[in-house]
Amino acid sequence: MPSTPVQHRGPPAAAAALALVIAALAGCGEEVLSPLPALGAKIDETSVSGISSGAYMAGQFELAHSRLVAGVAIIAGGPWGCADSVFADMMPGPGATFLNLSKAVNGCMLNALAPLGVPNPDHLADKARRLAEEGSIDPIDGIRDHRVYLFSGKDDHTVVPAIVASAASFYARLGVESGHIKHVADVPAGHGFVTDHQGLACGQSAEPFVVNCAYDQAGELLRHVYGELHPRTAAPAGSFLEFDQRPFTRDLKEHGLSDRGVVYVPAGCASASGCRVHIAFHGCAQSQEAVGDAFVRESGFARWADTNRLVILFPQTKKSAVNPQGCWDWWGYTVHDYLARNAPQIVAVHRMLERLGAPGTSS
């Protein structure tokens, strides 16, 4: 007698349940992102730049690791440590962070505390020397040969020109030669990174904070730091790579960094070691989370990178309850010692730099 055929209406109940569990676990797993490549980069000639909060972070990274840095560009930012309240050491914790934030906005952006002597370049230079003597940042001697580019837009009412001018005074008090400091303050730009062909109208101050003022800021700052450059390309020919930032923050608490960052790698740097690195710190409300790739692609760094063997690192922050605009930490929202070499954001970016300098297949 022939057997009755079995009608398969789907997997047994147990198998169905297992399939659902596997799907749920897959959905809860960490996002798979590409690793930051090891390129054998020459990291002891690194340059750093930033706009707004990124400008302050550029200065903080520069002083923390001055032995690795050749120069810095401060765009719409003020002197290192500007937001640190004199009362912060007396009351560490949320109270100090609040005092720092109030000083940051009123004293280090709007210049409303000028009658009270804020910013005070002399005091800040003394603080930097003290931290260097304690070993919290690299020796101040490493700063004196740096090339410093400073920029303030004439129509910038977010970080007013007087604040950027105080950064010039700060570097002078640290012993940087006047010929090494370039202070640009005659471009009618709003609060933004300036280009010669992309972005909003020149005087605007709005997302993505990239403005077209017929001025090639990426080229100008790189030229000031490194000297004469080969002409830029008409369009980027290398690769914008999104990479996983989590390996660089795995053991850091309250770091405020996104899961992903971006690095631009010219073809020549992927195939041969020895390229230099430029670290570009975005501003508040300018991260990839906020404006996508606008700053990464429209700033113009990549076009200079291809012809001058430069890797461009774009580390990324994320928004949070204590940092709703995704700013870099220049007032202490991560840790009390946010200016020190062991501050979580500085540690994470330094680890990224070391990874780029590690020997790879191109070395």
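Since the model is a prediction, treat every value here as computed from it, not as a measurement.
For Cys82 against Gly107, the heavy-atom pair with the smallest separation is SG-O, 4.4 Å. Between Met352 and Pro315, the shortest heavy-atom distance links the atoms SD-CB, 4.1 Å. The two atoms that bring Ser49 and Ala58 nearest to each other are C-CB, 3.7 Å, heavy atoms only. The shortest non-hydrogen separation linking Asp156 to Ala76 is OD2-CB, 3.5 Å. In this structure, Ala201 and Val211 approach most closely via the heavy-atom pair O-CG1, 3.7 Å. Between Arg303 and Thr307, the shortest heavy-atom contact is O-OG1, 4.0 Å.
The line from CG of Leu200 to OG of Ser205 is 9.0 Å long, rounded to the nearest 0.5 Å. The CG atom of Leu310 sits 5.5 Å away from atom OH of Tyr226, with the distance rounded to the nearest 0.5 Å. Between the CG atom in Asn323 and the SG atom in Cys284 there is a gap of 7.0 Å [rounded to 0.5 Å]. Here the SG-NZ distance, from Cys275 to Lys42, works out to 12.0 Å after rounding to the nearest 0.5 Å. Atom CD1 in Ile43 sits 12.5 Å away from atom CZ in Arg67 (nearest 0.5 Å). For the atom pair Ser52 OG and Phe209 CZ, the distance stands at 8.0 Å (nearest 0.5 Å).
A donor-acceptor pair is defined here as one N or O able to donate and one able to accept, closer than 3.5 Å; no such pair exists between the side chain of Asp337 and the backbone of Leu339. Of the possible donor and acceptor atoms, one in the side chain of Arg355 sits under 3.5 Å from a partner among the backbone N and O of Leu36. Judged purely by atom type and a 3.5 angstrom limit, Ser102 has no side-chain atom pairing as donor or acceptor with the backbone of Leu99. Looking only at distances, no side-chain donor or acceptor of Tyr338 sits under 3.5 Å from a matching main-chain atom of Gln345. Side-chain atoms of His255 come within 3.5 Å of backbone N or O of Leu257 as a donor-acceptor pair. A donor-acceptor pair is defined here as one N or O able to donate and one able to accept, closer than 3.5 Å; such a pair exists between the side chain of Ser66 and the backbone of Pro139. A donor-acceptor pair under 3.5 Å links the side-chain atoms of Thr317 to the main chain of Gly326, judged by distance alone. Proximity of a side-chain donor or acceptor of Tyr149 to a complementary backbone N or O of Val225 within less than 3.5 Å is not detected. A donor-acceptor contact shorter than 3.5 Å links the side chain of Arg351 to the backbone of Phe248. A distance-only check finds a donor-acceptor pair linking the side chain of Asp306 to the backbone of Ala237 [under 3.5 Å].
Side-chain N/O atoms of Asn212 and Thr195 include no donor and acceptor closer than 3.5 Å. In summary, the side chains of Gln286 and Gln325 do not present any donor paired with an acceptor at a separation below 3.5 Å, with no hydrogens or angles considered. Using a 3.5 Å distance cut-off with no hydrogens or angles, the side chains of Tyr333 and Asn100 do not pair a donor with an acceptor. Checking Asp293 against Gln288 by side-chain atom types alone, a donor-acceptor pair falls below 3.5 Å. At a cut-off of 3.5 Å, with distance as the only test, no side-chain donor of Tyr171 or Glu177 sits close to an acceptor on the other residue.
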Review point. Stepwise, does the side-chain contact (heavy atoms from CB on, under 4.5 Å) test hold for Thr46 with His278?
Key: CA-CA 6 Å; Thr46 294; His278 179 76; over 6 Å; no

Exercise for review: Kindly indicate, with the supporting measurements, whether the criterion side-chain contact (heavy atoms from CB on, under 4.5 Å) is fulfilled by Met57 and Ile346.
Suggested key: CA-CA 8 Å; Met57 178 52 68; Ile346 293 175; 4.1 Å; yes

Review point. Do Arg276 and Arg309 pass the side-chain contact (heavy atoms from CB on, under 4.5 Å) test, and can you show the C-alpha distance, the side-chain angles, and the key distance before you say yes or no?
Key: CA-CA 7 Å; Arg276 295 177 292 199; Arg309 289 182 53 75; over 6 Å; no

Practice item. Take Met109 and Val160 through the side-chain contact (heavy atoms from CB on, under 4.5 Å) test and state the conclusion after the steps. Key: CA-CA 6 Å; Met109 294 174 64; Val160 300; over 6 Å; no

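Salt bridge present: Asp122 and Arg173 bring a charged side-chain N and a carboxylate O closer than 4.0 Å. Between Lys127 and Asp84, at least one side-chain N (NZ, or NE/NH1/NH2) sits under 4.0 Å from a carboxylate O, which counts as a salt bridge. Between Arg144 and Asp141 a salt bridge is recorded (basic side-chain N to carboxylate O distance below 4.0 Å).
In summary, the aromatic rings of His282 and Trp328 are positioned with their centroids under 6.0 Å apart. For an aromatic pair to be called close, the ring centres must be under 6.0 Å apart, and Phe193 with Phe295 satisfies this. In summary, the aromatic rings of His350 and His65 are positioned with their centroids under 6.0 Å apart.
Ring geometry for Phe151 against Tyr215 counts as parallel: the plane angle stays under 30°, on a 0 to 90° scale with 60° as the upper cut.
Counting non-hydrogen atoms of other residues, nucleotides and ligands closer than 6.0 Å to NE2 of His230 gives a total of 12 or fewer. In this structure, Glu254 places its CD atom where only 12 or fewer heavy-atom neighbours from other residues, nucleotides or ligands lie under 6.0 Å away.
Residues Ile181 and Leu150 are in side-chain contact: their nearest non-hydrogen atoms beyond the backbone lie under 4.5 Å apart. Annotation: side chain of Val159 is in contact with side chain of His191 (closest heavy-atom distance under 4.5 Å). In this structure the side chain of Ser34 never reaches within 4.5 angstrom of the side chain of Asp244, judged on heavy atoms. At least one side-chain heavy atom of Phe61 sits under 4.5 Å from a side-chain heavy atom of Val349. The shortest side-chain heavy-atom distance between Ile74 and Val72 falls under the 4.5 Å cut-off.
The one candidate from His224, Gln217, Arg223 that meets the side-chain hydrogen bond (donor to acceptor under 3.5 Å, both in side chains) condition with Glu220 is Arg223.
By the 6.0 Å and 45° rule, Arg260 does not stack over the aromatic ring of Phe243.
Asp216 pairs by the salt bridge (Lys or Arg N to Asp or Glu O under 4.0 Å) definition with Arg232, not counting sequence neighbours.
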